[in-house]
Protein chains: 2
Amino acid sequence: MIHTGFPETGPSLGEVGEAGVIQAIVTAAPSTINGDDAAVLTPSTPNSRVVASTDMLVDGRHFSADYTTPYLVGRKAVVQNYADIEAMGARPLAALLAISAPPETPVAVVEELARGLGSMTQEWASELVGGDVTSGERLVISVTAIGSLGGNLDALRLNRARPGQRVVAHGHLGYSAAGLALLESGVRIPASLEPLVQAHQVPEITPGRGVVARSAGATAMTDNSDGLIRDLSTMARMSGVGIDLSSVAIKPDRLLEDAGLLLGIDPWEWVLTGGEDHALIGTCDGSAPVGFRSIGTVSRQQGVRIDGKEPAYTGGWESFA
Amino acid sequence: MIHTGFPETGPSLGEVGEAGVIQAIVTAAPSTINGDDAAVLTPSTPNSRVVASTDMLVDGRHFSADYTTPYLVGRKAVVQNYADIEAMGARPLAALLAISAPPETPVAVVEELARGLGSMTQEWASELVGGDVTSGERLVISVTAIGSLGGNLDALRLNRARPGQRVVAHGHLGYSAAGLALLESGVRIPASLEPLVQAHQVPEITPGRGVVARSAGATAMTDNSDGLIRDLSTMARMSGVGIDLSSVAIKPDRLLEDAGLLLGIDPWEWVLTGGEDHALIGTCDGSAPVGFRSIGTVSRQQGVRIDGKEPAYTGGWESFA
C-alpha cells in the first residue's frame with residue numbers, strides 16, 4: 001500500500017498561532033528535554049565527542065504531496081540526518097526541527113510531520129528535543145542531528161580509506177531512485193514493486209550499523225546521499241586511493257530489474273547515480289561487519305571502477321540544477 | 001553609517017553549482033572540522049553536556065535587503081542562536097548553516113552571509129563547522145548552535161527562578177524594535193540614532209556572559225527574543241513565581257526617547273514588547289554577575305509587574321501573525 005497526500009482541512013497554523021503549533025509538535029513528539037532556550041543532552045559515554053549534521057528539505061524540491069505524506073517526510077528527515085551521524089561511526093542522540101510554513105497550512109500537516117519525526121527518533125533510541133517554527137511562503141524543514149562519538153577510536157572519515165581494505169555496504173542501492181521514477185512515471189505501480197516506492201519515501205537503515213562498523217575496524221564511511229559513484233569518488237579522492245567495485249555484488253536485484261523493464265530504464269543508472277538511499281558505504285580491514293556486505297576493494301590506482309572499467313553512469317544529485 | 005542591500009550581480013548559484021557554493025562558504029568561513037558527513041567536536045571540558053538550539057530565518061520575514069546586508073544577517077543569525085546557548089549557561093562551540101536559495105541568487109550573497117557567520121563565530125571562539133545548501137524559491141537560512149555545558153552545576157532553566165532573587169540583564173532592551181521602526185518609517189535617520197539601527201541589524205551580546213552568570217550563582221535565564229514582558233512571563237509561569245521590575249532600571253534611555261519623539265511612538269512599547277534584542281535576562285542570588293545590571297526582583301506573587309503595576313504593553317513577536 002502506497003500512502004501519499006497532505007492534509008488539506010482543519011485549523012490552520014495562523015488560526016492556532018505559534019504557541020498552538022509548538023504544542024501540536026510537542027504532543028506529537030514528546031520529550032522531557034524540550035522546552036527551554038536550548039536543549040541539554042547528557043551523553044552516556046564519558047568524554048564523548050559531539051557529532052552534528054543538518055539537512056534542509058523544501059516542499060516541491062525534496063518532497064511533494066503527490067508522492068509522500070508529512071508523516072513519511074518526518075521519518076525520512078530523521079533517517080537522512082542520522083545516516084550522516086552513523087557514517088561517522090557515532091550514535092544519534094537527538095534531533096532538532098526548524099520549520100517554516102505558510103499561515104494557511106493545516107496544523108495537521110505539522111502534527112503528522114512531528115509524529116513521523118517522533119516515531120523515527122524513537123526507533124533510534126533518541127528524541128526530538130527542540131526547534132523553531134516560523135511562517136514563510138513555502139513549507140521548508142530543517143532537521144539537525146546531534147550524535148555522540150564515545151571512546152577513543154577515530155571517527156569514520158572520508159579520507160581514511162586505505163589500499164587493501166574491503167569496501168562494504170549496508171542498505172539498498174538504487175531503490176530510492178527507482179521508487180521516485182515509478183512515482184513520477186504515472187504508471188499503475190504493481191504491489192510487488194511497492195518496496196521501491198517505500199524505500200524512496202523512507203530509506204531503511206538499521207540503527208547502530210555505523211557504530212558497529214567503527215568498533216569492528218572500519219576506518220572510512222559515508223552514506224550515498226548524492227549517488228553511489230559520486231559519493232565513492234569523493235571518498236577515493238579525499239583518501240588518495242582507488243575503489244574497485246564488483247559488478248556481481250552491486251548489480252540490480254529482481255525488483256530493480258522489473259521496475260527497469262516496466263519503465264524502459266536501465267536499472268544500473270539507479271544503482272550508480274541514484275542518491276537518497278542513505279546506504280552506509282565504508283572500508284574496513286578483515287571481514288565485513290555484521291549487517292554489511294562486501295561490494296569491492298580499495299586499491300592504489302585512483303578513481304572508481306566496476307570490474308576494472310569506467311562506470312556506465314557517473315552523475316548524481318545537483319542542488320542547483 | 002548604516003549598511004543595507006544585497007549583491008545583485010556576479011555569477012549565480014545555478015552557474016557555479018553546489019560544489020562551487022560550498023567552496024564559497026568554506027572559503028568565507030574556514031574550518032578544519034568541516035567537510036565530512038557530519039562535524040565532530042571535542043569539548044574542552046570533561047563529561048560536558050551538549051547544548052543545542054536552532055533558528056530559521058526567512059527572507060522578507062526575518063530580514064530584508066531594504067534594511068540589512070547578507071553579512072549582517074549572518075552575524076545576527078549567530079548571535080541569536082548563541083544567545084540561546086548562553087541563556088543555558090553554556091559555551092557555544094560551533095554553528096551549522098542550512099541554506100536554501102533560488103538558483104539565480106548571486107554567489108556573492110551566500111559568500112557575504114558566510115563571511116558574517118564566520119566572523120561572528122570567531123568572536124565567540126567557535127567555528128562554522130558544517131551545513132547543507134539547496135535550491136528553493138526563497139532565501140531561507142537555518143542556523144543551529146552547538147554548545148558545551150561543563151562542570152556539574154545545573155543549566156540555567158526557565159523554571160528555576162526563586163522568590164527573593166535578583167533579576168538581572170545583559171544587553172539593550174528595546175533597541176532592536178526601535179531600530180526596525182526607524183528603518184520602516186522611511187525617515188532620514190540622524191547619525192546619533194544609528195546605534196539603534198545597528199542593534200536591530202546585529203544585537204550586541206558579549207561572549208561568555210551566560211557562562212559567567214552560571215558560575216556566579218544565577219539559576220534561571222532566557223534571552224528576550226519575543227519581547228521582555230512575554231519572555232519574563234514565560235519564566236515566571238514556568239518557575240511558579242512573580243517578577244517585579246523597576247521602572248527606573250528599565251526605562252527608555254536617551255536614544256530610545258529621541259527615536260520615540262522622532263516617530264511619535266511611546267518608547268516604552270519597544271522596551272516591553274520589542275523582541276530580537278537577545279539580551280540575557282536571568283535571576284540570581286546575591287549581587288549581579290559582572291556585565292549584568294539589576295532590573296528587578298523575584299517574588300511569590302505570580303505575574304510580571306513594573307513598580308507593582310500591570311505593564312503598559314505586553315505583546316510580542318508572533319510567528320504566524
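So that the names make sense, note that chain A is the first sequence line, chain B the second, and so on, each numbered from 1.
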Is it the backbone or the side chain of [X] that comes under 4.5 Å from a heavy atom of chain B, or both, or neither?
| X | value |
| --- | --- |
| A:I146 | side chain |
| A:V58 | side chain |
| A:S48 | backbone |

Study note, to complete from the structure: Closest heavy-atom pair, A:R61 versus B:S135, reported as atoms and distance to 0.1 Å, is NE-OG, 3.1 Å
Practice item. Measure across B:G131 and A:T54 and return the closest heavy-atom pair with its distance rounded to 0.1 Å. Key: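 Residues B:G131 and A:T54, closest heavy atoms: CA-CG2, 3.6 Å.
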Review point. Would B:L41 and A:R49 count as a side chain to side chain contact (heavy atoms under 4.5 Å, CB included) if you check the C-alpha gap in whole Å, the side-chain angles of each, and the deciding distance to 0.1 Å?
Key: CA-CA 6 Å; B:L41 309 166; A:R49 286 160 277 171; over 6 Å; no
Side chain from CB out, backbone as N, CA, C, O: work out which of these in [X] comes under 4.5 Å of a heavy atom of chain A, or both, or neither.
| X | value |
| --- | --- |
| B:D223 | both |
| B:R157 | both |
| B:I141 | backbone |
| B:V21 | side chain |
| B:V50 | both |

Practice item. Begin from the C-alpha positions of A:T144 and B:L96 and carry the test side chain to side chain contact (heavy atoms under 4.5 Å, CB included) through to its verdict. Key: CA-CA 9 Å; A:T144 301; B:L96 296 118; 4.3 Å; yes
Below 4.5 Å, heavy-atom pairs only: which of [options] has the largest tally toward chain B?
| options | answer |
| --- | --- |
| A:D55, A:V129, A:N159, A:V140 | A:D55 |
| A:S100, A:A94, A:G136, A:G130 | A:S100 |
| A:A39, A:S53, A:G60, A:G17 | A:A39 |
| A:M238, A:E15, A:R138 | A:R138 |

Counting heavy-atom pairs under 4.5 Å to chain A, which of [options] comes out on top?
| options | value |
| --- | --- |
| B:V40, B:L93, B:I33, B:T234 | B:V40 |
| B:S225, B:S148, B:A98, B:A145 | B:A98 |
| B:E86, B:H62, B:E137, B:M221 | B:E137 |
| B:N81, B:V16, B:D36 | B:D36 |

Check your understanding: Can you name the residues of residues 149-156 of chain A that have some heavy atom under 4.5 Å away from a heavy atom in chain B?
Key ->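 Within residues 149-156 of chain A, the residues that come under 4.5 Å of chain B (heavy atoms only) are A:L149, A:A155, A:L156.
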Exercise for review: Sort and list the pairs that fulfil ring-ring contact (aromatic ring centres under 6.0 Å, His included) and have at least one residue in residues 77-100 of chain B, not counting sequence neighbours.
Suggested key: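 ring-ring contact (aromatic ring centres under 6.0 Å, His included) check on residues 77-100 of chain B returns B:Y82-B:W124.
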Point to revise | Sole candidate of A:D132, A:L97, A:I99 that passes side chain to side chain contact (heavy atoms under 4.5 Å, CB included) when paired with B:M56 | key: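 Going through A:D132, A:L97, A:I99 one by one, the side chain to side chain contact (heavy atoms under 4.5 Å, CB included) with B:M56 is satisfied by A:D132 alone.
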Check your understanding: Measuring from A:L57:CG to B:T134:OG1, what's the distance to the nearest 0.5 Å?
Key -> 8.0 Å
Review point. Between A:D37 and B:T222, is any side-chain donor less than 3.5 angstrom from a side-chain acceptor?
Key: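 Yes - a donor-acceptor pair under 3.5 Å links their side chains.
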